[in-house]
*Asks:* 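Here you go, one structure.
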Amino acid sequence: MEYSLSRITTNGKTIILAYDQGLEHGPTDFNDENIDPNKILEIGSLANLNGIVLQKGIAEKYYLGSAFQTKIPLIVKLNGKTRFINNEPYAPQICSVDEAVKLGASAVGYTVYIGSERQDLMFKEFSVIEREAHNRGLPVIMWAYPRGKGVDDADPDVIAYGARVALELGADMVKVKYTGDPKSFAWVVKSAGKTLVVMSGGPKVENVENFYQQVKEAMSAGACGVVVGRNIWQAQNPLEVAERLREIVFGVLINL
Ligand code: FBP
C-alpha cells in the first residue's frame, strides 16, 4: 500500500491547524472573527502551516476551488460528534475517503474513542478507512482519544495505550494529549513505533509560554509536531503563535 506523508510534513515535522471545533463543541469556541472559516484558512496559509483539518461541509464551501487549495494542504476529518454525546462516545463516519479525495484532501483523520463501549464500531469504520485511504495514496491520522466509563484520559499509560492502538490499526500519524512530562511522553512515542506522534493542542491556555514549554518537551521526547486549533486561532495574534511554534518544531523563523 502506497501513501505519503510528504504533503503534510516538512522534513518529517509538522504543524497542523485544527478547525473542526464548530462540530465538536459548537460556536461557543468562536468570536466574530474566527467563526469565519476564511479567516482560519488565511491564518494557516499565511503561517505556511502543513495542513488544516476541516469537516467536509467547510471543505466544500470554503476550500474546494478557492485560492487556499494551493496554499495549505487539506486534512478531511471523516467522523465527528457534538458535545452533547458524552459518556460512552461514538463519532460516526460522515464523509468517505472518496469524497475526501474529491475535496482535495492530502490526508484523512478519524477519532477513535478508545475504551468507549462503542469502540468496536469505530474500529470497524477505521479499518475500512485505513484500507481505502492507503489504496488511494492518502495517509491516515488517528485522533486517539481514550474515553468512557473508568477510562482516565490523562493517565500517561492510557495515552500510551492509545498511541499503540493507532499503530496496531495502521494509522500513519496519531494525535494524542500531552502526558505532562517528557519522560512519559517518550514512552508514548515508543509505544507508537513507526506511527508518528503529534501532540494535541487543547483549550487555550492562560499563559502561552506554558504551552510552548509543553510543545518543546513533546518534541524533545520524539513527537513529530503538533495539531493545534484554539491556541492559535483564539490567540490575540495567531501568526505570532504560529511563528513561535515553527521555531520550536522546525527550528526556523518565518517572515510575518
Ligand atoms: P484544539 O487544539 O483546539 O484542542 O483542537 C484539537 C482537537 O482535537 C480538535 O480537532 C477537536 O475539535 C477538539 O480538539 C476535540 O476536543 P475534545 O474532544 O477534547 O473536546
Side-chain angles (χ1 to χ4, degrees), residues 8 14-31 33-35 37 39-41 43-44 47 49-59 73-92 94-95 100 105 107-116 118-119 122 140-148 151-155 158-159 162-163 166 171 173-179 197-206 208 210-212 214-215 218 223 225-235 238 241-242 244-245 248-249:
I8 57 160
T14 194
I15 303 174
I16 293 168
L17 190 58
Y19 191 62
D20 60 333
Q21 292 82 354
L23 176 64
E24 298 291 329
H25 305 149
T28 172
D29 277 355
F30 303 141
N31 62 20
E33 280 277 300
N34 57 35
I35 195 161
K39 300 273 190 255
I40 310 303
L41 278 154
I43 292 167
L49 300 183
N50 294 96
I52 183 161
V53 178
L54 300 175
Q55 286 285 357
K56 72 171 185 182
I58 291 186
L74 171 68
I75 297 157
V76 177
K77 189 76 196 311
L78 299 184
N79 70 338
K81 63 160 189 59
T82 66
R83 73 183 152 90
F84 304 117
I85 309 296
N86 276 322
N87 293 344
E88 298 300 323
Y90 164 55
I94 45 193
C95 180
V108 291
Y110 183 99
T111 302
V112 178
Y113 294 108
I114 293 146
S116 162
R118 304 168 86 190
Q119 157 187 286
M122 292 170 277
V140 182
I141 307 172
M142 183 192 288
W143 274 230
Y145 282 13
R147 282 200 193 155
V151 178
D152 177 2
D153 69 349
D155 178 342
V158 171
I159 295 171
M173 205 178 258
V174 60
K175 173 177 183 297
V176 294
K177 261 193 180 180
Y178 186 54
T179 52
V197 174
V198 278
M199 185 191 119
S200 194
K204 184 165 175 280
V205 293
E206 237 166 69
V208 71
N210 294 339
F211 178 60
Y212 298 142
Q214 288 186 355
V215 177
V226 288
V227 179
V228 185
R230 290 164 286 180
N231 275 298
I232 292 182
W233 49 255
Q234 284 182 348
V241 177
R244 284 293 298 276
L245 289 174
I248 298 165
V249 172

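Both ligands and their constituent atoms are indexed starting at 1 by order of listing. Just so it is clear, the structure is predicted and the values come from calculations on it, not from any experiment.
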*Asks:* Salt bridge (Lys or Arg N to Asp or Glu O under 4.0 Å): which pairs involve residues 107-116, sequence neighbours left out?
*Replies:* none
*Asks:* Ignoring hydrogens and geometry beyond distance, is a side-chain donor-acceptor pair present between K77 and T111 at under 3.5 Å?
*Replies:* yes
*Asks:* Take the angle between the ring planes of W233 and Y19 and call it parallel below 30°, perpendicular above 60°, tilted in between.
*Replies:* perpendicular
*Asks:* For residues Y145 and K177, is any side-chain donor paired with an opposing acceptor at under 3.5 Å?
*Replies:* no
*Asks:* Atom CG of N79 and atom CD of Q55: how far apart are they, to the nearest 0.5 Å?
*Replies:* 7.5 Å
*Asks:* So with a 6.0 Å cut-off around CG of N87, is the heavy-atom count from everything else above 12?
*Replies:* no
*Asks:* Once you restrict both partners to nitrogen or oxygen, which atoms of ligand 1 have a protein partner under 3.5 Å, and how far apart are they?
*Replies:*
residue, atom, partner, partner atom, Å
ligand 1, 2 (O), G202, N, 3.2
ligand 1, 2 (O), G229, N, 2.8
ligand 1, 3 (O), Q21, NE2, 2.9
ligand 1, 3 (O), R230, N, 2.8
ligand 1, 3 (O), R230, NE, 2.8
ligand 1, 4 (O), G202, N, 2.9
ligand 1, 4 (O), G202, O, 3.4
ligand 1, 4 (O), R230, NH2, 2.7
ligand 1, 5 (O), Q21, NE2, 2.9
ligand 1, 8 (O), W143, NE1, 3.2
ligand 1, 8 (O), Y145, OH, 2.4
ligand 1, 8 (O), K175, NZ, 2.5
ligand 1, 10 (O), D20, OD1, 2.6
ligand 1, 10 (O), D20, OD2, 3.3
ligand 1, 10 (O), W143, NE1, 3.1
ligand 1, 12 (O), D20, OD1, 2.8
ligand 1, 12 (O), D20, OD2, 3.4
ligand 1, 16 (O), H25, NE2, 3.4
ligand 1, 18 (O), R147, NH1, 3.0
ligand 1, 18 (O), R147, NH2, 3.4
ligand 1, 19 (O), R147, NH2, 3.0
ligand 1, 20 (O), H25, NE2, 2.5

